[in-house]
Number of protein chains: 2
Amino acid sequence: MALEHALLVSLSERPASGLDLTRRFDRSIGFFWSATHQQIYRVLARMETDGWVRSEVVAQTGRPDKKVYAVAPAGAEELARWLAEPAPAESFRSEVAVRLRGASYGDRRAVLAQVEALLADHRTRLGHYEHLAERDFPEPDRLSGHDLDVYLVLRGGIRLEQFWVGWLTEYRDTHARAHEGAPA
Amino acid sequence: MALEHALLVSLSERPASGLDLTRRFDRSIGFFWSATHQQIYRVLARMETDGWVRSEVVAQTGRPDKKVYAVAPAGAEELARWLAEPAPAESFRSEVAVRLRGASYGDRRAVLAQVEALLADHRTRLGHYEHLAERDFPEPDRLSGHDLDVYLVLRGGIRLEQFWVGWLTEYRDTHARAHEGAPA
DNA sequence: ACCACCTGTGCAACTCGTTGCATAGGGTGC
DNA sequence: GCACCCTATGCAACGAGTTGCACAGGTGGT
């Protein structure tokens, strides 16, 4: 399981409350991981009883108090242990791929409309990530250590969006060509 | 939920038993979906009580009997309905990405060794998929309908492996360059 | 005869993750 | 003063997915 470890990485970068972490997961780390606030709260509570993190209630002006979590020594040890552990092979799950493969058992035009919508979505996201890279990392050659890791994960997000745009475009164009003069 | 629909697609291509489906999911469809036999058996049972599939016990020589499932009319309807439904945005989850981002909180050399192992693995898989494409689809321009869909999903598998090889190579090479003369 | 192994189906218990709801303090609009 | 929204934390119930085990029939080795 990796949510614990994703939280440890994020808290190592900077202490945060449950909701802060939820918002972070909607952004940078969120390229490759996501979690709802409920799940994050539950896992944080478990991590605290396990001694991986420590919390401190912080009063705010004009807002409810928040519980700010920070990595405890046992959590740092666990993170280091996990990082050294061999990475198991990942299985990618895509509902879209199932739809593309099954398109001939339903309304192909409806599936192609979905492809078009997804393409627009992934193109937007790709542009957004490229903008982030230019804004936050104007000179990537000078990076090292953790900053370089953050940049390279952003590069992964960009490459993943390029994968989607490339594949969906190939799907759409190849079907368009195949149906010229022979509709199906 | 998509396992039901993935099974409907696979059974639309050809009727099969639970274990047959498990083996198929380790192959072609398995680029983008995977499931254990236990889960497949359970879902098949539920689909049968819902009337989406029908089963028939087939005796075999030298082997136990098997229960061969085929799509029932209600299942075909459900598949068509699901295919026309708008595709929700997918969230990609990668433990590897968490490790890459967190590498500076542990032993970076251990993480780079994992990257090396993953690279070898993805390169092997890429070669395997490319071989499949050449062997089974020597003339992709002539394909249409479901055959074209099968080919294009294989293309997606190839593109996904290319994504991994490209990203992991960039991670490794960029860190190698950053550490020339300045180890960390 | 016995054991080890293979195919094929299945149950039970557990963890991970999602969905819907609850609660509590504070700010804003009318 | 009241309704409504925002931040922040949390519970309860459910569904999806994994892990470990059980059982049955058949084959092959010793």
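All heavy atoms count here, side chains included; hydrogens, waters and symmetry mates do not. Proteins get letters first, then strands, A, B, ... in listed order; numbering begins at 1 in each.
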### Task
Figure out the CZ/C1' separation between R93(B) and dG17(C), and round it to whole Å.
7 Å
### Task
Measure the distance from CD on Q39(B) to C1' on dG17(C) and round it to the nearest whole Å.
14 Å
### Options dT9(C), dC16(C), dT9(D), nucleotide nearest the side-chain atoms of S17(A)
dT9(D)
### Task
Might you work through the salt bridge (charged side-chain N to carboxylate O under 4.0 Å, His left out) test for D20(B) and K66(B), ending with a clear yes or no?
CA-CA 10 Å; D20(B) 290 338; K66(B) 66 175 173 179; 3.3 Å; yes
### Query
Under 3.5 Å, is there a donor-acceptor pair linking the side chains of D149(A) and Y171(B)?
yes
### Query
Atom NZ of K66(A) and atom P of dG10(D): how far apart are they, to the nearest Å?
14 Å
### Summary
R46(A) CZ to dG10(D) P, in whole Å, measures 15 Å
### Task
Identify whether NZ of Lys or CZ of Arg in R93(B) sits under 6.0 Å from the centre of the six-membered ring of W33(A) and within 45° of that ring's axis.
yes
Show each protein N/O and nucleotides 10-14 of chain C N/O combination with a separation under 3.5 Å, one pair to a line.
from	atom 1	to	atom 2	distance (Å)
dG10(C)	OP1	K67(B)	NZ	3.2
dG10(C)	O6	Q38(B)	NE2	3.3

#### Entry: Whole-Å distance separating the CZ atom of F25(A) from the P atom of dT18(C)
12 Å
### Message
Can you measure L3(A) atom CG to dT15(C) atom C1' for me and round it to whole angstrom units?
### Response
13 Å
## Note on the structure
Ranking S91(B) and L19(B) by the position along DNA chain C of their nearest nucleotide, the one closer to 5' is L19(B)
### Task
Establish, with yes or no, whether the OP1 or OP2 oxygen of dA8(D) is under 4.0 angstrom from a side-chain nitrogen or oxygen of R23(A).
yes
### Query
Do E161(A) and H128(A) have side chains that get closer than 4.5 Å, going by heavy atoms?
no
### Side chain to side chain, L11(A) and L44(A), heavy atoms closer than 4.5 Å
yes
### Euclidean distance, atom NE2 of residue H5(A) to atom P of dC16(C) [Å, nearest integer]
11 Å
### Task
Assess R99(A) against W82(B): is NZ or CZ under 6.0 Å from the centre of the six-membered ring, and within 45 degrees of the ring's axis?
yes
